[in-house]
Number of protein chains: 2
Amino acid sequence: MSRSRVTVVDIARAAGVSKSTVSLVLQASPLVNEATRAKVNAVIRELGYVYNRGAANLRQSASSRIIGIIVNDLTNSFFAELAVGMDMVMQSAGYVQFLSNSAESVDRQREVVASMREHGISGLIISPARGTEAADLKPLAASGIPVVSVVRNVVGAKVSSLVSDNYAGAKAAVAHLVSLGHSRIAFLGGIANTTVFAERVQGWRDALVEAGFEAPDMLVIGSTASRAGGVAAIERALSLPAPPTAALCFNDAAAFGVCDGLRAAGREPGRDFAVVGFDDVIEAETAVPALTTVSVDPQGMGRRAAQLLLKQINTGKVEPEAIVGSVRLVVRQSCGAGEKAGRMSA
Amino acid sequence: MSRSRVTVVDIARAAGVSKSTVSLVLQASPLVNEATRAKVNAVIRELGYVYNRGAANLRQSASSRIIGIIVNDLTNSFFAELAVGMDMVMQSAGYVQFLSNSAESVDRQREVVASMREHGISGLIISPARGTEAADLKPLAASGIPVVSVVRNVVGAKVSSLVSDNYAGAKAAVAHLVSLGHSRIAFLGGIANTTVFAERVQGWRDALVEAGFEAPDMLVIGSTASRAGGVAAIERALSLPAPPTAALCFNDAAAFGVCDGLRAAGREPGRDFAVVGFDDVIEAETAVPALTTVSVDPQGMGRRAAQLLLKQINTGKVEPEAIVGSVRLVVRQSCGAGEKAGRMSA
DNA sequence: GTAATTAATTGGAACGTTCCAAATATGTCA
DNA sequence: TGACATATTTGGAACGTTCCAATTAATTAC
């Protein structure tokens, strides 16, 4: 059935030219005569030829036009949107991407990286799994493949990175809550021993201290960075001897969970308790109450990461570049300051 | 800097054997002597050799071990989970996947398919964009590349498909609502002229009719299949002269939107109005109220689709196979029947 | 009419692997 | 020892492209 594939030589024979000419036509070279080009293209369509990029990549000068993307949790909207942003840029640049989910497993991540290397990726964007070490990315950098680490940093790795300004974002969010009259503000959700968590907690702490309030450790309640984690965290927070009246959450997923947990406890988020998230995923805007959150613009971040990688691939330069993306607080209703929200009791 | 890459010939030279022997070692052939194998492997590690799969794929017998996955909306949790399920299976099978988002654009989808073909995918799993025609998938099937269409069907395309039993799911959901005492049950959200929508509406209609109730068209309110779409749909539903007391929603995203919209209108989902979703995404379980929904198990569906594709690749058989995955109603709280929910007023 | 210039085309080696057929080494049996 | 079987190794052609250097054809200049 599936007859052996059509190659340039077949085209050449059918069009009565040499394979070199066909190759030139394929690359839209200006060297070839209009009439010849037309004829060759006609034959190409007629025989249903498909270009074999693998064969072309064999010549050492060529670029594979394949890049790798690895994210740590694709089921989290934040990362899905990040991936979509990258996809957009890569696709318009004529690249195709291997996209894999490490599910926070460094072992899986290692396998995927190895597999992608064997397939000759020209670059990699990675949101590293927890516990990723510089050594995991070393071989890539050593063989001249540009790597952009996004969202999370890998300490000691000589790769470019694009992370958001977690410290400033958290600080701004807490300052806003303070301006609304809160003083007992919790930090809810997220896994404790990660850099991102540490940076956000630091912002939370410094904002409270600068405002002249206490920042007791018991108000920092870690859990998973998910909706379920948010529910668990707010339950613990409400059972404290002196419960908080507001919370900055590790991310939007946790913040939604906190809202769910508040309702389960008979409290209305935005009215009885102020909730602020982090990320600004799409649903943040349409949720009820709309979520006040620190906007990281995941799609935009994905696009920037992709552009950064493309720049490195095209210029062939290897020096890593560290970019900290700015963030801004988007005030909606869940903090009690939005127009449509009811008045806060605190 | 980046010296030209290390090849089998370099390994051969360094280990004092022929390139053929190195090749045998790479394929873990039992033909080679233990001592030789050890030496070659040592050299491979020492020189930091990376296998060039592209070169190997050149021989026409070889399989590229690359498959393509295209989904229509990766920002929708349902599809993200679907992709994660596929990723799991593919990765353990030693495959790597191109994963792209068509964003419901048939043009983008076409480009992506073409690009993936040029890169020599051994198979494709696609959740087709709206408006995809059989012709779009024809060339793949013609060149013997197995294709599995998932979630949505492409009429007339001779490819395998794996869809869920939309009709039975919708019918069961409505029957459940009827058993709870509802008779004015709306169908909310989703884009009207799609097969999936039609099937679910038909299930809704038949269940109502069988129960002896009316199924007026005005109770079918389409919109986008998103959270925002759900909000819009319930707003319109509540403004009807005789508003419904319950709703089956096109999917979970829309159902969450309906819950949001209900609260915005001062009604509590699960108590004042029964809501049922479709899909059973992860958040359905942890949301408050937990969402009663028709479980499609997206990750499981992704895994099944991947297994189906692998089977087709391995057996080399081309005959398409149409599978309808069974679904089951998961009763939680948003319909008012769950244990923790308050009593329904209707 | 010949030389020089420009425009088009082309043969063939190279890219890094696999795999066949053939060669060599090792062992066994009479 | 020679004849055979078995275990291991190997040269070289192929896979489908690109690209250099060289060729041929067409045009222009003198």
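Numbers restart at 1 for each chain; the letters A, B, ... are given by sequence-line order, proteins then strands.
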Inset, instruction - Assign B:Ser20 to base, sugar-phosphate, or nothing according to its heavy-atom contacts below 4.0 angstrom with the strands shown. - result: base
Inset, instruction - Identify, residue by residue, the members of residues 29-37 of chain A with a heavy atom below 4.0 Å from DNA chain C, and return them in order of residue number, or none. - result: A:Leu31, A:Val32, A:Asn33, A:Thr36
Inset, instruction - Flag the pair A:Lys39 / A:Val17 as yes when at least one side-chain heavy-atom distance between them is below 4.5 Å, and no otherwise. - result: no
Legend entry - Student check: side-chain heavy atoms of B:Ile67 and B:Ile313 closer than 4.5 Å: yes
Legend entry - Which residues share a ring-ring contact (aromatic ring centres under 6.0 Å, His included) with B:Phe98, sequence neighbours left out: A:Phe98, B:His119
Provide the full list of salt bridge (Lys or Arg N to Asp or Glu O under 4.0 Å) pairs with a residue in [range], sequence neighbours left out, each pair given once.
range: residues 57-70 of chain A; answer: none
range: residues 114-133 of chain A; answer: A:Glu104-A:Arg130, A:Glu118-B:Arg53
range: residues 79-98 of chain A; answer: A:Asp87-B:Arg108

Inset, instruction - Keeping the roles fixed (side chain from B:Ser160, backbone from B:Glu321), state whether a donor-acceptor pair exists under 3.5 Å. - result: yes
Inset, instruction - Report yes or no: does B:Asn52 contribute a side-chain atom to a donor-acceptor pair with the main-chain N or O of B:Gly54 at less than 3.5 Å? - result: yes
Inset, instruction - Scan residues 9-19 of chain B against DNA chain D and write down, sorted by residue number, each residue with any heavy atom closer than 4.0 Å; if none is found, say none. - result: B:Val17, B:Ser18, B:Lys19
Legend entry - Helical bend (five base pairs per end, nearest 10°) for the helix from C:dG1-D:dC30 to C:dA30-D:dT1: 50°
Inset, instruction - List for me each residue that meets side-chain hydrogen bond (donor to acceptor under 3.5 Å, both in side chains) alongside B:Ser64, sequence neighbours excluded, and say none if there are none. - result: B:Ser122
Inset, instruction - Verify whether one side chain among B:Ser20 and B:Ser23 offers a donor that lies under 3.5 Å from an acceptor in the other. - result: no
Legend entry - 5' to 3' contact window, DNA chain C with chain B (heavy-atom distance under 4.0 Å): C:dG16 to C:dC19
Inset, instruction - Could you list the residues that satisfy salt bridge (charged side-chain N to carboxylate O under 4.0 Å, His left out) with B:Arg304, not counting sequence neighbours? - result: none
Legend entry - salt bridge (charged side-chain N to carboxylate O under 4.0 Å, His left out) partners for A:Asp73, two or more places apart: none
Kindly list each side-chain donor-acceptor pair under 3.5 angstrom involving residues 29-36 of chain A, sequence neighbours excluded, with atom names and distances?
{"unit_1": "A:Ser29", "atom_1": "OG", "unit_2": "A:Leu31", "atom_2": "N", "d": "3.0"}
{"unit_1": "A:Asn33", "atom_1": "OD1", "unit_2": "A:Ala35", "atom_2": "N", "d": "2.7"}
{"unit_1": "A:Glu34", "atom_1": "OE2", "unit_2": "A:Arg37", "atom_2": "NE", "d": "3.3"}

Inset, instruction - Kindly say if B:Thr21 contacts the phosphate of D:dT9, meaning a side-chain N or O under 4.0 Å from OP1 or OP2. - result: no
